[in-house]
Structure formats: structure tokens, C-alpha cells
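The structure appears right after this line, and notes come after that.
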2 protein chains.
Amino acid sequence: MKRTKQSMNREELESRILRSAEFVFAEKGYSGSSMEAIAATANISKQNLIYYFPNKELLYQRVLKEMLDIWIEKLSFLEAQGDTPEAVIRRYVREKMQLSRLYPNGSKVFAHEIISGAPVLKEYLISHLKPQFDRDVVLVKSWINKGLIEEIDPEHLFFTIWAATQTYADFSVQMEVLLGKSRLEEADFERAELAVTDFVVRALGAKKNN
Amino acid sequence: MKRTKQSMNREELESRILRSAEFVFAEKGYSGSSMEAIAATANISKQNLIYYFPNKELLYQRVLKEMLDIWIEKLSFLEAQGDTPEAVIRRYVREKMQLSRLYPNGSKVFAHEIISGAPVLKEYLISHLKPQFDRDVVLVKSWINKGLIEEIDPEHLFFTIWAATQTYADFSVQMEVLLGKSRLEEADFERAELAVTDFVVRALGAKKNN
DNA sequence: CAACAACTTGTCTTTCCGGTCAGCAATAAG
DNA sequence: CTTATTGCTGACCGGAAAGACAAGTTGTTG
């Protein structure tokens, strides 16, 4: 893999395009985003954009895939089997929250996609997300069986955690309005993380002993 | 107000159009929905649709407004001041959950709109939602001051409740995949309602005494 | 520096879609 | 029965946007 001036530019430009596409898709949805607009955001011509990503569908898929790969990588319950449930949960919620903070646009694109019925992602969800989900549910059930946490519905526990964390990316505008701010700041995310974590931990009634 | 055959047909057709529009907007977003597609869903011609709703923007606003009016009507914390916090919270979560069950499409349209930065709804949120939100926050704070519930962040409590309930409308496809079902059934919503309510109530540590 | 590959842009075609308009059909009112 | 109002349709227009194509430019390598 040569690292010529060109190939470096290429990589840099590609990722600039992807960031721009993410931004535009997040705001306008798939159909509402024109290649023209994405190109303009990335400061290149439409034709040049098409040179790098020959069509819109492909660009969209790349944006989604990038986001999902990050999520799948960061969000595995299982890695931390030695820890206490409380520690695992806290870390999980914190990770998920940071993803909302760091990749709000990717999260929004994902949300648009799922709400629309996941026409592009459905297969991927079945093949990649479900297996991990099933494993994680089993783990939580084992916690319950060992009496480490309250009897709680494991599936819906995950749904709630995902919703409660993801909302800080997807519905940020609503929160800004309600909190009377022009944008969510670092401090808001910290309060949110604390609130959600405590919320979940308290709901689980996690015991400190292993 | 005469109730001629025509005017009755008109009303019936209008609401059929609104339901169809809701359905299409939910799936495709604003830009992705064509008047043609909405008309086809309602089994009328495009020109006839335009006869009833002279342009797309207006139709979209009507759909959103219908949904919001229902929400605002059903979701006031304050009405029930006599009850215990636990009772108020339980009722609130149940109401919100039923709205997700009964109006999944409206909910999805709303979600698309907020994720996209609320270009249409922002003013409405400021003028209608924020005042109610502020009042509800005050109420929760008073509960805390009276020692009726644990010290919890009131704003983020609402964000979490909204997210956790709304997700059963917006992200239903993801859940279907993960639960291995072709669609969410009555029983799923009942389990969900129970799970979410218990979460929240337990997290609040609401005391039974008034 | 010559030849080749990588990159960039301007022009053009095609398709789709929101909306207009003129007229036809059905119903209500006098 | 006649006229006016309301409901509905087919033909059409203008603009936007995806993508093809060809031509030109810049960088790379022997």
C-alpha cells in the first residue's frame, strides 16, 4: 500500500465526503438529500463527488455501515464478564452515550433508516445485531438467576437503554428547545449520562457484591 | 353546518387522505413521499388529492398538527395533582405507551421531523410544549422536595420516559427483528408497558404514602 | 520528458414530481 | 327543469436532480 500524495488526498477527501454526506442525510433524510448538496457541503463539484461515490445509494450505505461498525465494535456486553453487573451496565450506558455525543449525525441517519422500516439495513440487523442481542439477553438472564439484579425483562431493558441514550443524538433539537439552549453542551451530556446511568442502575437494583 | 351527503363524504375522504399521508410520510419522510404515492394509497387521483390539500407542505403540517394535538391533550401531568407520584407516573407512562401503539405512523412522522431539526415544528414546540414541560418539571421538583421520590434529574426523567415509550413506535422494526417477530403484538406492548413502568417507578423509588 | 493513470469539470439527457388549468360530472338549490 | 356549486379528471408545464459522457488537468512513473 503506497502512501503517495494522491492516495493520501484520496483518503482525506473520501472521509470528508462521508462526513458531509452524514450531515446532509441526517438533516434531510435519504430522498431529501441531493448529491449536489452533499458535494457543496464537502466543497467539491457534484461530478467529482460522483467520481468517488458513483451513486447516491452506495454513499448512503457507506455512511450507515460506518456508523454500525463503530457501534458493534464498541457495544459488546460480553467482553466484561468478570465485572459486576453494575459496572458492566455503567460502562455500557456511558459508551452508548458517548456515541450519541460523538456521532450525532450518524445516529440520526440510522434513526431515519430504522423508522422508515430499515429497507437497507434489515438484513444486517438480522445477521449482525440479533446474535449479539441474543447473547446479551442470556447474560442478563443469568444475572437474574444468580440473584445479582432484580427480576427485569431483559429484552425491554435493552430497548429502554438504547432509546434513552440514542435520544440525546436524535431528539437533541427538542431538548434544546425545552432546556432553552441553542445547543447541548458538554455539561448537558454529563448530566444526562449521570441521570440515565443512575436511572438504569437503580431500576435494576444491582447489588454491589459480585 | 349542513350535513349533506357531500359534506359527509368530504369529511370521510379527508380523514382517509390524512391517514394515508401519515402512513406514507412515516415510511418515506417528507421529501421521499410523493403526492402521487399518497393519492394512490388513498385510492384517489393525484389531482383529486390536490383538490383537497392544495399543496404537500400543508398536508404535512396537518398530519403533524393532528398528532401533536392528541399528544398535548392526553399528556398533562398536572391534571392529577391529588394522586400519588407513583400513580401519576404510571398513568403517564401508560398513556404515552398507548399513543405509540395507536398512532405509530404519526409518531414516526413526528420523529422524522424532530431528527431533521424540526424545521416546521420548532415554533410550536417553543410555544406549546415548553410551557407544559416547565410546569411538569416544577411538579416533579416539588415531589423531590417533599421527599416523595428520590432525588432525580427532572428534565432528564422526562427525556427518558419519552424516549423509552416512543421507541416502541419509531423503532418497532428493529424490535421485530430482535424479537424474531413479523410484527409487535398486543402482548408485546403489554410487556413493554409493564417493563417501562416498573423501571421508572423503581428508579424513582416512589413512596406509596401520599 | 513521454506516457500513463488519477483526478476534475462542463454539458447534456432523462426521469420524476409538484402544481396549474380548462373542462367534465354529479349534486344541490331555486 | 335550470342554474350554481361542488367534486373530479386529463393534459400539460417547469424545475430539480441523478447520472452519463467526453474533454481537460494534474500527478506519477519509467
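Numbered from 1 within each chain, the chains take letters A, B, ... in sequence-line order.
Taking atom CZ of residue A:F53 and atom P of nucleotide C:dC7, one finds them 12 Å apart after rounding to whole Å. Per the geometry, OH belonging to A:Y60 stands 15 Å off P belonging to D:dA18, to the nearest Å. Regarding A:Y30, its OH atom lies at a distance of 14 Å from the P atom of D:dA17, rounded to whole Å. B:E57 places its CD atom 14 Å from the C1' atom of C:dG19, with the value rounded to the nearest Å. One interatomic measurement links the two molecules: CD1 of B:I50 to P of C:dG18, which rounds to 8 Å at whole-angstrom precision. Distance B:L49 CG to C:dT20 P: 13 Å, rounded to the nearest Å.
Remark: B:K141 pairs with no residue by the salt bridge (charged side-chain N to carboxylate O under 4.0 Å, His left out) rule, at least two apart or across chains. Contacts of B:H156 classified as ring pair (Phe, Tyr, Trp, His ring centres under 6.0 Å), with partners at least two apart in sequence or in another chain: A:Y168, B:F159. Residues passing the salt bridge (charged side-chain N to carboxylate O under 4.0 Å, His left out) test with B:E27, sequence neighbours excluded: none. Applying the side-chain hydrogen bond (donor to acceptor under 3.5 Å, both in side chains) criterion to A:Y60, with sequence neighbours excluded, gives A:E113. Legend: residues meeting salt bridge (charged side-chain N to carboxylate O under 4.0 Å, His left out) with A:E66, ordered by chain and number and at least two apart, are absent. Scanning for ring pair (Phe, Tyr, Trp, His ring centres under 6.0 Å) contacts around B:F199 gives an empty result, with sequence neighbours left out. Annotation: salt bridge (charged side-chain N to carboxylate O under 4.0 Å, His left out) contacts of A:E14 (sequence neighbours excluded): A:R10.
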Every protein N/O lying under 3.5 Å from an N/O of nucleotides 8-11 of chain D:
| unit_1 | atom_1 | unit_2 | atom_2 | d |
| --- | --- | --- | --- | --- |
| D:dC8 | OP2 | B:Y52 | OH | 2.3 |
| D:dT9 | OP2 | B:S45 | OG | 2.9 |
| D:dG10 | N7 | B:Q47 | NE2 | 2.6 |

Set out, line by line, the N/O atom pairs under 3.5 Å between protein and nucleotides 14-16 of chain C.
none

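For the pair A:R10 and C:dC7, the criterion of a side-chain N or O lying under 4.0 Å from OP1 or OP2 is met.
For D:dA17, its base never sits under 3.5 Å from the side chain of A:K46 at any donor and acceptor pair. At a cut-off of 3.5 angstrom, counting only N and O atoms as typed in the model, there is no donor on one side facing an acceptor on the other between the side-chain of A:K56 and the base of D:dG19.
Surrounding CD of B:Q98 are more than 12 heavy atoms belonging to other residues, nucleotides or ligands, all under 6.0 Å away.
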Extract all donor-acceptor atom pairs below 3.5 Å that involve side chains of residues 35-46 of chain A and protein atoms in other chains or at least two apart in sequence.
| unit_1 | atom_1 | unit_2 | atom_2 | d |
| --- | --- | --- | --- | --- |
| A:T41 | OG1 | A:A37 | O | 2.9 |
| A:S45 | OG | A:N48 | N | 3.1 |

Donor-acceptor list for residues 122-129 of chain A side chains, cut-off 3.5 Å, not counting sequence neighbours:
| unit_1 | atom_1 | unit_2 | atom_2 | d |
| --- | --- | --- | --- | --- |
| A:Y124 | OH | A:D69 | OD1 | 3.1 |
| A:S127 | OG | A:E123 | O | 3.1 |
| A:S127 | OG | A:Y124 | O | 3.3 |

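Within the 4.0 angstrom heavy-atom criterion, only backbone atoms of the sugar-phosphate kind lie near A:S33; the bases stay farther away.
Nearest approach of A:S33 to A:K28, heavy atoms of both residues: OG-CB, 3.5 Å.
Summary for the helix from C:dC1-D:dG30 to C:dG30-D:dC1: the axes at its two ends, each from 5 pairs, differ by 10° when rounded to the nearest 10 degrees.
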